[in-house]
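Scroll down for the structure; my scribbles are underneath it.
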Amino acid sequence: MSQVLSADEELVSDVVACQLVIKQILDVIDVIAPVEVREKMANQLEAIDFSSSPAADPVTVRAVQKAVALIELKFTPQNEAH
């Protein structure tokens with residue numbers, strides 16, 4: 001069953017697909033990665049210097065901020081949340 005999608009529908013579909021893949025990756029990392037690795041992942045993203053980066057467009061900056069938030073949310077023990 002093939003359906004022609006508009007550009008907006010394709011974009012939404014791609015975003016949903018990426019979200020599903022990211023969730024699976026986070027679930028795997030949650031099982032196999034020690035806390036130090038998880039913290040390093042967030043720290044590496046936070047350390048990106050957008051002041052001199054050609055990738056400093058608002059969409060990329062927001063994506064990195066959201067990725068850090070997802071990593072920290074996923075890997076912060078609930079009893080430490082304030």
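Residues satisfying the side chain to side chain contact (heavy atoms under 4.5 Å, CB included) criterion with D49, sequence neighbours excluded, are S51, S52.
Counting only distance, with no hydrogens or angles, the side chain of E9 and the backbone of S6 share a donor-acceptor pair below 3.5 Å.
Separating the CD atom in E46 from the CD atom in E39 is a distance of 10.5 Å, to the nearest 0.5 Å. The CD1 atom of I25 sits 11.0 Å away from the CG atom of L20 when rounded to the nearest 0.5 Å. The NZ atom of K66 sits 9.5 Å away from atom CD1 of I22, with the distance rounded to the nearest 0.5 Å. Here L45 contributes atom CG and L70 contributes atom CG; the two are 10.5 Å apart, rounded to the nearest 0.5 Å. Separation of atoms CD (Q65) and CD1 (I48) is listed at 10.5 Å; rounding is to 0.5 Å.
At a threshold of 4.5 Å between side-chain heavy atoms, the hydrophobic network of Ile, Leu, Val, Met, Phe, Trp and Tyr places V15 and V12 in two separate groups. The cluster map of Ile, Leu, Val, Met, Phe, Trp and Tyr, joined by side-chain heavy atoms under 4.5 Å apart, puts V21 and M41 in the same cluster.
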